[in-house]
A.B. asks: 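The following block contains the structure, expressed as C-alpha cells.
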Amino acid sequence: MNSLLQTLSCLDDYDPNSMTVDRARNIILDLVTPPPGHERGFVRLGLNRVLAEDVIAPVNVPAHDNSAMDGYAVRHADLAPSGETRLNIAGTAYAGRTYDGVLKPGDAVRIMTGACVPPGLDSIVIQEVVHLEGGEDKTVIIPPGQRVGQNLRRAGEDLQAGQPALNKGKLLRPAEIGLLASLGQVEVTLHRRIRVAVFSTGDELGSLGKPLQPGQVYDSNSYTLWGMLERLGCEVMDMGMVKDDPAALEEALLAAAASSDVVITSGGVSVGEADFIRALMARLGKVAFWKIAMKPGRPMAFGKIRNTWLFGLPGNPVAVMVAFYQFVRPALLKMMGTQPASLPSFLVPSLTPLKKVPGRTEFQRGRLIQDNGRWCVQATGAQGSGILSSMVEANCFIVLEHERGNIAAGEMVNVQAMEGLV
Ligand code: AMP
Ligand code: MG
C-alpha cells in the first residue's frame, strides 16, 4: 500500500489539483478489486448481488416443445396447399400433462398455451382463426396460409442444456433470479456483500430527535448515504457523527477501517481551517486529496486507511450524492464482483437556458418532462450544492460536459436518468 501515492503520482497527467471526472473514476476503478470470500445460498439471497460462478443450464428451457397459444395442433403436411382443411379433433392437450392419445393422419388436437405438442404434430393454429363443425370436439376447419412450425416454443429456445445460462460477474436483478429459478437452480454462489462504514464529520451537526442548537444542521448525509448503499445491496454500518476533533476522528477512522471493506466519510475534505481530517487521513493511511473539475463535489479524498478503502466525500448534501454516483457507486460495483457499466445517458433539449462555466463537468439537477409528446429537461430551480430539495425534485442529472459553456434554451444536453441507478 505504500505504493498507492507513488503509483498515482506516476500516472500520466496526474494532477491532484485538477482531475477530470472520468480520470478520477478510471483511477479508482483501476485500483479497487473485489475482496475474497464467497457465499452459497438460496437463489433469493442473490438479489442485488453478484454471481461468483458460471451457471451452466442443467436442462433445456423450455424442457419440451410447447404451444405458445391456445388453438389447434396440426401436422402441417395434412393442410391443403390452398383453401380450407377439415381435420378431426382427436382430443385436448393441457399444460402440465403429456398427451397420450394415438394420432392418425388428418387428426388435430385442441391445445392450451404451454401444453406439450403431441408427437407428430408440428404447428399450432390459433383458435381465433378456425371454425368448428359438429360441435366443440368434432371437426376443425383450418383456413389457408398457415406456416410450418408456427406458434411453437421449441425445447431449449430460451436456454440450452449444457450452455452457460449466466456468467460469473453477473449482477442479479429480478430477471436473473427468475432465470435461475427457471433452471431449477436452488442455490447460487455469490460474492460476499461489501461492508461499508459511514460517518459524518462536523462540529455543526445535530442528531435527529434532538432540537437544533444555534448554528447546527441536522446530519442528513449519513441518511442519504445509507439509502444509496442499501439500494446498492451493501451492508451499511452507520457510525454516526464525529466532531472536528483530531482524536475523535482518528478513533472513528480506525474503528471504521477495522470492521469494513470501505469507509465513506462526509465533510472535512476541503481546505477549511477545521478540516483536520485531511492531515489525519494522510497520517493514518495513504490518502490522496483531489480537486476534481466538477460541480458539485469538487474536493474528494480517496485512498486507504490501513487495508480499507476510503472515500472522503465533501460535506455539502448534493455534492455527497453526486460524488457517490460518479465515483463510489462504480467502485462498489467492481468490489461487489461485477464490471460497472457506464450509466446510460441520452440527449434531450433543455427547456430553459442553463449557466455553465467551461473547464469543469457540472451535474445539474433536472426533471425530464414531456412537452407535446417529446421528452425534454428542465432544471429544478436553485442549484446550490447544499440544496437537497433540488435532488428531491429531480428525476435526472443534466450532465454538462467539461468544455461546455452556457446553454441556450432548446440546446441538446445529456441527461442521466436517476431511476434505475441501482
Ligand atoms: P465541509 O465539507 O465539512 O466544509 O461542509 C460543507 C457544508 O456541508 C457545510 O455547510 C456543512 O454544514 C454541510 N454538511 C457537512 N456535513 C453535513 C451532514 N452530515 N449533513 C448535512 N450537512 C452537512
Ligand atoms: Mg466540516
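What you see below is based on every heavy atom in this structure, not just the backbone, and it leaves out hydrogens, waters and symmetry mates.
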A.B. asks: Main chain of T352, side chain of S350: is a donor-acceptor contact present, judged purely on distance under 3.5 Å?
C.D. replies: yes
A.B. asks: Are the charged groups of R25 and D22 less than 4.0 angstrom apart, N to O?
C.D. replies: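 The answer is yes: the pair qualifies as a salt bridge.
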A.B. asks: Under 4.0 Å between a Lys/Arg side-chain N and an Asp/Glu carboxylate O for E53 and R40?
C.D. replies: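 A salt bridge links E53 with R40.
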A.B. asks: Please check this pair: side chain of K286 against backbone of L4, looking for a donor-acceptor N/O pair closer than 3.5 Å.
C.D. replies: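 It does not hold such a pair.
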A.B. asks: Do the charged groups of E39 and R192 touch, with an N to O distance under 4.0 Å?
C.D. replies: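 No, this pair does not count.
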A.B. asks: Is there a donor-acceptor pair closer than 3.5 Å between any side-chain N or O of R110 and the backbone N or O of I89?
C.D. replies: no
A.B. asks: Tell me whether E411 is salt-bridged to R404, with the criterion being a basic N under 4.0 Å from an acidic carboxylate O.
C.D. replies: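 Yes.
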A.B. asks: Report the C-alpha separation of L166 and V188 in whole Å, then their side-chain angles, then the decisive distance to 0.1 Å, and conclude whether the side chain to side chain contact (heavy atoms under 4.5 Å, CB included) test is met.
C.D. replies: CA-CA 11 Å; L166 291 176; V188 284; over 6 Å; no
A.B. asks: Tell me, please, which residues at least two apart from R367 pass salt bridge (charged side-chain N to carboxylate O under 4.0 Å, His left out).
C.D. replies: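 Here no residue qualifies.
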A.B. asks: So, does T85 use its side chain to make a donor-acceptor pair with the main chain of L79 at under 3.5 Å?
C.D. replies: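 Checking the backbone N and O of L79 against the side chain of T85, no donor-acceptor pair under 3.5 Å is found.
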A.B. asks: Tell me if a side-chain donor or acceptor on K168 pairs with a main-chain N or O of V50 at a distance below 3.5 Å.
C.D. replies: no
A.B. asks: Taking all heavy atoms of A288 and all of Y14, pick out the closest pair and write down the distance.
C.D. replies: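 Closest approach of A288 to Y14, heavy atoms only: CB-OH, 3.7 Å.
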A.B. asks: Please report the C-alpha distance between S123 and V148 in whole Å, then the side-chain angles of each, then the deciding distance to 0.1 Å, and finally whether the side chain to side chain contact (heavy atoms under 4.5 Å, CB included) criterion is met.
C.D. replies: CA-CA 6 Å; S123 308; V148 66; 4.0 Å; yes
A.B. asks: Tell me, with the steps shown, if L172 and L51 meet side chain to side chain contact (heavy atoms under 4.5 Å, CB included).
C.D. replies: CA-CA 7 Å; L172 303 180; L51 262 187; 3.9 Å; yes
A.B. asks: Verify, without hydrogens or angle tests, whether Q383 (side chain) and R365 (backbone) share a donor-acceptor contact under 3.5 angstrom.
C.D. replies: yes
